[in-house]
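Count residues from 1 along the sequence. Keep in mind it's a predicted model, so treat the numbers as computed, not measured.
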Amino acid sequence: MTYNKEAYYGHINTRGWSLYIAATDKGLCFVGSQNEDLDEMKDWFAKKRPKATLVEDWDKVATYEKELVEYFNGERQSFDLPVDFIGTNFQEAIWTELQNIPYGEKRTYTDIAKNIDRPSSVRAVGTAIGANPVMIVVPCHRVVGKNGKMTGFRGGIPMKESLLGLESS
């Protein structure tokens, strides 16, 4: 597992959305949860990218901030920015598949497992989705239980419901 030594971060606060984002020179590597504080972001980095140095730098994250603000404003339905996620091959396959879910649509964990040709790996799919470091851009909020029920989400069910509500309006 190799990754950039520096991760640049900034804070977005728009239309009731307040979250931290971070990027490396390769792309967006972290989107925080609604109202998550700086210490929580630092804790995530300490666990997931322990060798990374966090540097506050709005110039380095401005492009990512712009696209996310456009999304929150209802002006953007897909993202054109690069992502720099690090996980196992299985996790990265799941996160890549999540990016194929169209704006305003939902898929089930079973759908995702079938789409990556691992139909019996539904629980592992759920675990991989829960480890997604780039929420919203890699739209794990669009995955629901088989019965359509809202299920686990790193940002919490209210955030998941808000994101789905934003996409359905």
Side-chain angles (χ1 to χ4, degrees), residues 4 6-49 52 54-87 91 94-109 111-112 126 128-145 148-169:
N4 290 34
E6 289 189 323
Y8 310 99
Y9 74 90
H11 184 258
I12 296 173
N13 194 352
T14 185
R15 294 179 132 347
W17 291 94
S18 174
L19 48 89
Y20 281 92
I21 61 172
T24 66
D25 290 329
K26 292 181 180 179
L28 188 67
C29 66
F30 177 81
V31 175
S33 301
Q34 172 77 337
N35 297 317
E36 182 175 55
D37 65 29
L38 182 58
D39 287 336
E40 289 170 302
M41 182 185 74
K42 288 179 178 180
D43 288 345
W44 182 91
F45 269 90
K47 292 175 189 162
K48 303 295 184 181
R49 289 186 179 219
L54 279 170
V55 178
E56 186 172 15
D57 189 331
W58 266 108
D59 290 338
K60 296 279 189 177
V61 297
T63 300
Y64 307 103
E65 183 258 353
K66 178 182 181 293
E67 288 200 18
L68 282 158
V69 168
E70 289 171 353
Y71 169 84
F72 291 128
N73 289 340
E75 299 163 358
R76 174 175 291 278
Q77 294 187 358
S78 63
F79 296 94
D80 300 320
L81 46 87
V83 292
D84 179 17
F85 47 61
I86 297 172
Q91 287 173 323
I94 299 300
W95 300 336
T96 299
E97 179 61 28
L98 293 177
Q99 293 175 80
N100 295 324
I101 305 171
Y103 181 92
E105 293 187 22
K106 298 178 211 158
R107 299 291 184 272
T108 66
Y109 295 92
D111 294 334
I112 302 300
I129 290 172
N132 172 18
V134 192
M135 294 190 303
I136 303 168
V137 174
V138 175
C140 53
H141 61 279
R142 296 179 188 154
V143 182
V144 297
K149 185 177 179 181
M150 295 294 143
T151 55
F153 183 64
R154 178 167 56 96
I157 299 299
M159 182 178 174
K160 184 174 190 165
E161 291 172 337
S162 293
L163 290 168
L164 291 171
L166 174 72
E167 293 184 9
S168 68
S169 58

When you measure from the side chain of [X] to the backbone of [Y], do you find a donor-acceptor pair of N or O atoms at a distance under 3.5 Å?
X: D43; Y: E40; value: no
X: T14; Y: W17; value: no
X: Q34; Y: S18; value: yes
X: E67; Y: D80; value: yes
X: K160; Y: V143; value: yes
X: W95; Y: A128; value: yes

Got [X] and [Y] here, is their nearest side-chain heavy-atom distance under 4.5 Å?
X: I101; Y: I112; value: yes
X: L28; Y: F85; value: no
X: W58; Y: E65; value: yes
X: V55; Y: K60; value: no
X: M150; Y: L164; value: yes

For residues [X] and [Y], report the shortest heavy-atom separation together with the two atoms involved.
X: T24; Y: Y64; answer: O-OH, 4.3 Å
X: R49; Y: D84; answer: NH2-O, 2.5 Å
X: F45; Y: A7; answer: CE2-CB, 3.7 Å
X: I129; Y: C140; answer: CG2-CB, 3.5 Å
X: L19; Y: M159; answer: CD2-CE, 4.4 Å
X: E36; Y: F30; answer: OE1-CZ, 3.4 Å

Reported [atom1]-to-[atom2] distance for the pair [X] and [Y], which is rounded to 0.5 angstrom:
X: R142; Y: Q99; atom1: CZ; atom2: CD; value: 10.0 Å
X: K42; Y: L54; atom1: NZ; atom2: CG; value: 7.0 Å
X: C29; Y: Y9; atom1: SG; atom2: OH; value: 13.0 Å
X: D111; Y: E97; atom1: CG; atom2: CD; value: 9.5 Å
X: Y20; Y: N13; atom1: OH; atom2: CG; value: 9.5 Å
X: F79; Y: E70; atom1: CZ; atom2: CD; value: 9.0 Å

Practice prompt. Please name the residue in the list I136, V137, I12 that meets the side-chain contact (heavy atoms from CB on, under 4.5 Å) test with I21.
Written response: I12

Worksheet item: So, R154 versus N132: side-chain donor-acceptor pair below 3.5 Å or not?
Response: no

Worksheet entry | Distance-only donor-acceptor check, side chains Y71 and E167, under 3.5 Å | yes

Discussion item. Using the rule given for side chain to side chain contact (heavy atoms under 4.5 Å, CB included), can you reason through F153 versus L163, listing the C-alpha separation, both sets of side-chain angles and the distance that settles it, and then say yes or no?
Written reply: CA-CA 11 Å; F153 183 64; L163 290 168; 4.0 Å; yes

